Amino acid sequence: MPHDGRARTGVSEPRAREADASDTGSPPPVPEAVTSERALTFVGAALTAVYLPGAGNQELRLVETAGGARCEYGLPDRLPLSGDSPAAHTFRTGRPLWLTSEALASYSTGGPTPPRPETSLAALPLGTERGRLGCLVVVGDSADGFEAEQRRFLEQYADAVLAVLRTGTGRPAPSPLLSPALRSLCVGSFVITPDTGLIEADETLLELAGITPDDFDGKADTLLAHALPEDMHALMSVLEPSTQTVGRRELEFRVRRPTGEMRWLSLSCQVAAGCDGRPEQVLGVVTATSVLRQSADDVSRIQWLTAALDDAVTVRDVSRVVVTALGEPLGADRVALAELQDDRLAVTVLDPPEPAAWPQWWRSEWRSEWPDAPVSALPTLQMALRDGRMDLWSAGAALEPGLAGIGAGGLAVLPLPAKGWVAGVCLVGWDQPHEFVPEERFLLTATAALVGQALKRARAHDAEQELATMLQRSLLPRRLPELPGGTAVARYLPAKRGLQVGGDWYDVIALSEDRVALVIGDVQGHSAGAATIMGQMRTAIRAYAVEGHPPDVVVSHANRLLVGMETDLFATCCYAELDMEEGNALFVRAGHLAPLLRHPDGRTEEVQVEGGLPLGILADAEFPMTTCALAPGTVIVMVTDGLVEAVDLPLDEGMDRTRTALAGADPADPGEMADELLGELDPREDDVALLLLRYDGMKTRPIRAGWAVWRLPDAVMHARRFTARALRRWKVEEVTDAALLVVSELVTNGLVHTQGPVRVDLMLRGDRVRVSVSDCSPRSPAKPVIVDWDATGGRGLLLVEAMSESFGSVPVAGGKQVWSELVVPHCDQAHADSGPRTQRRGLP
């Protein structure tokens, strides 16, 4: 965040220069606007503004700005609350926006006017979900946006502005807002003139140092008198900068207040040069070390580490904090963190990550940049883990090959204790000879204890998330089936809060060669219990569908099952059965969102499916079916409410947005189409499931013929004659002998072992003839386990299986269907295509 003195900060020549150096009177107070401007400049803020809702909550009004660049960075006085501006978006969503110059260019309104390529912007909400009172907009002077420390400070600043704003609730907005908020953060500012030794300090800085305004004479020596002698040298380099120190400087120091209390302060300053290149002014801010950044001393570093580890959730987060805390502050060349898992070490982070920076033995033995090795392979680490104490190895120490290249100039081996056991080990290595001073030993010991506890906590969190992910994956389909005449894709995104397992599910069920079922649903809640019910519902619906029940019966059975479970949860569901040959779809909806259609010409519509109650509420609920015709090229989209509804997104608006995205997506690639429909959903408030099918129509439509078998003594003969006639008409006589044998055996079994009607169905698709025999018995035919000379039955099924390319049995509504497929050698597709295309009933 470089600055060029008064030209960028808007700070005038200090009035102290006009006073005589010997003047011992109190200098006049610094205007609050000037002090605010100085402080915000050092966190990258060129202009700060507050927007509050206008009358009727239809717009945001600019009520206050701070910074010397209002004319340079013009912000609109009014912004429509429904418009596409960063402030309006933040007010609606309640989430902060951190926009670089490139990201800011994508917003049509709400930014500086005219746009500048080196400008960034931040928008922070003032309030919570229960009620947002406004928005804080900060214009930055860097194209790369705000750094992490700057973001943290600005978030605290927004909280302070909100606190001031709340004091005026029910009254006109208090004015000013920005200066009192900044004053509450205890950020002081100053301007030093090196030639005179005079300093222009605001009241906040004096309060931090323990000086009253009446006792301050405007001299830098008066402030230095309150600093500890050990820090005097560093402060003198600020008071008397050399030509080599022109630019940005940061340091920490301690002051002794009149009460005897010692306080750590953080100083950030900018040395501005005059025309001759000599230091002319020193402009800076002073704050408590917990506000701007962690200090370089051991105590404050431990404080920062404690806070950073408290925010670290995953093992990867802990690893990043360790590298930040030990790498650069200690001047280390390598930092490695490894978890202890049973008797093995699993490395979670290597810094630097390049394989060449680590011993060749690691890569040759473990064959990985991320080694996973038994502890016994490294005796030095094994001893440290066993004893639980830190080992420091100086330059030239003789270590095993696995550690020799990590710290040629010094190696610190830190076991990471965690409540009676060791969670892992941290290695810190130096290339140049390194001396371990007592203060550094204290820092390493304290760091190891803190990291061990954090690593244990993060490991438990990761294990929980891994379990949740595994549970979710086990309950959802691992892959979708390949469908004749269509392509189906699905997407599932877990919620980014709490346990990452939810109740959304989807499934694609291939019912037959030309029929497929699509189902999507959502169980109430977001927990392991909801996921369990979800798995049971998905399994039940699949089972009912495979049995051959129509859609309304499938959903009705699932509803009765959920009611019978006596759970407090209910579920919504949308079920569709598609006839891929005819292009028809039957929809059933149980409290779920209606499906969307994208027609081949790009039009989209919401299918008006008559809805029923959610599953699990009323056992006798009815679920009517809705029919819809599909043309080749039609896309069916089924979603859960996590995609189209959120706190800041009404359901109708979300459905309209999804329809717009569906109309603009390219159906050539269903996978990319699904990704475009998901859009930007981070962070997500709820899990999201999306199921999409592009109906293409079947390239080769089958030829069918059917025969209802009469229960007569010569029924098998009539079935054989029907089969022979159909095969002759289809010009596939090559399979007649095999087909007649299959028909004879299957029809005989149906007539002998079952009651009720028996039916023969023939189908020709491409080079395959499918023979199916249906009956009213749900029991599948059983092949004999042992066939010998004394056996009187069972050989028929073995003959059918031997003659068939494939053979099996599937349940259908009210019974089963036994089928056999025969390959037609040298099938003339032209002859097959010229045959009849409609399904025949009764006699051919």
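Just so you know, residue 1 is the first one in the sequence shown, and it goes up from there. Note that the coordinates shown come from a computational prediction; the quantities given were computed from them, not determined experimentally.
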Under a 4.5 Å cut-off applied to non-hydrogen side-chain atoms, are [X] and [Y] in contact?
X	Y	result
Ser120	Trp98	no
Tyr157	Val187	no
Ile192	Leu198	no
Val191	Val282	no
Val138	Leu121	no
Pro96	Thr90	no
Leu662	Met673	yes

Looking only at heavy atoms, what is the nearest atom pair of [X] and [Y], with distance?
X	Y	value
Arg61	Gly54	NE-CA, 3.5 Å
Pro117	Ala143	O-CB, 3.6 Å
Leu677	Thr658	CD2-O, 3.9 Å
Ser189	Leu205	O-CD2, 3.8 Å
Leu154	Leu124	O-CD2, 3.9 Å
Thr287	Leu208	CA-CD1, 4.1 Å

Q | With sequence neighbours excluded, residues passing side chain to side chain contact (heavy atoms under 4.5 Å, CB included) with Ala103 | A | Leu99, Thr100

**Q.** Residues in side chain to side chain contact (heavy atoms under 4.5 Å, CB included) contact with Val255, at least two apart in sequence or another chain
**A.** Phe253, Arg263, Leu265

Q. Would Arg151 and Glu155 pass as an ion pair if we require N to O under 4.0 Å?
A. no

Q: Could you check Leu62, Leu165, Leu60 and say which one makes a side chain to side chain contact (heavy atoms under 4.5 Å, CB included) with Leu52?
A: Leu165

If I take atom [atom1] from residue [X] and atom [atom2] from residue [Y], how far apart are they, to the nearest 0.5 angstrom?
X	Y	atom1	atom2	value
Leu223	Phe190	CG	CZ	9.5 Å
Leu75	Thr48	CG	OG1	9.5 Å
Arg166	Leu133	CZ	CG	6.0 Å
Thr193	Ile199	OG1	CD1	9.5 Å

List, one per line, each side-chain donor-acceptor pair under 3.5 Å for residues 78-89, sequence neighbours excluded.
residue, atom, partner, partner atom, Å
Arg78, NH1, Glu59, OE2, 2.5
Ser85, OG, Ala88, N, 3.2

Q | Main-chain N/O of Pro650 paired with Glu645 side-chain donor or acceptor, under 3.5 Å | A | no

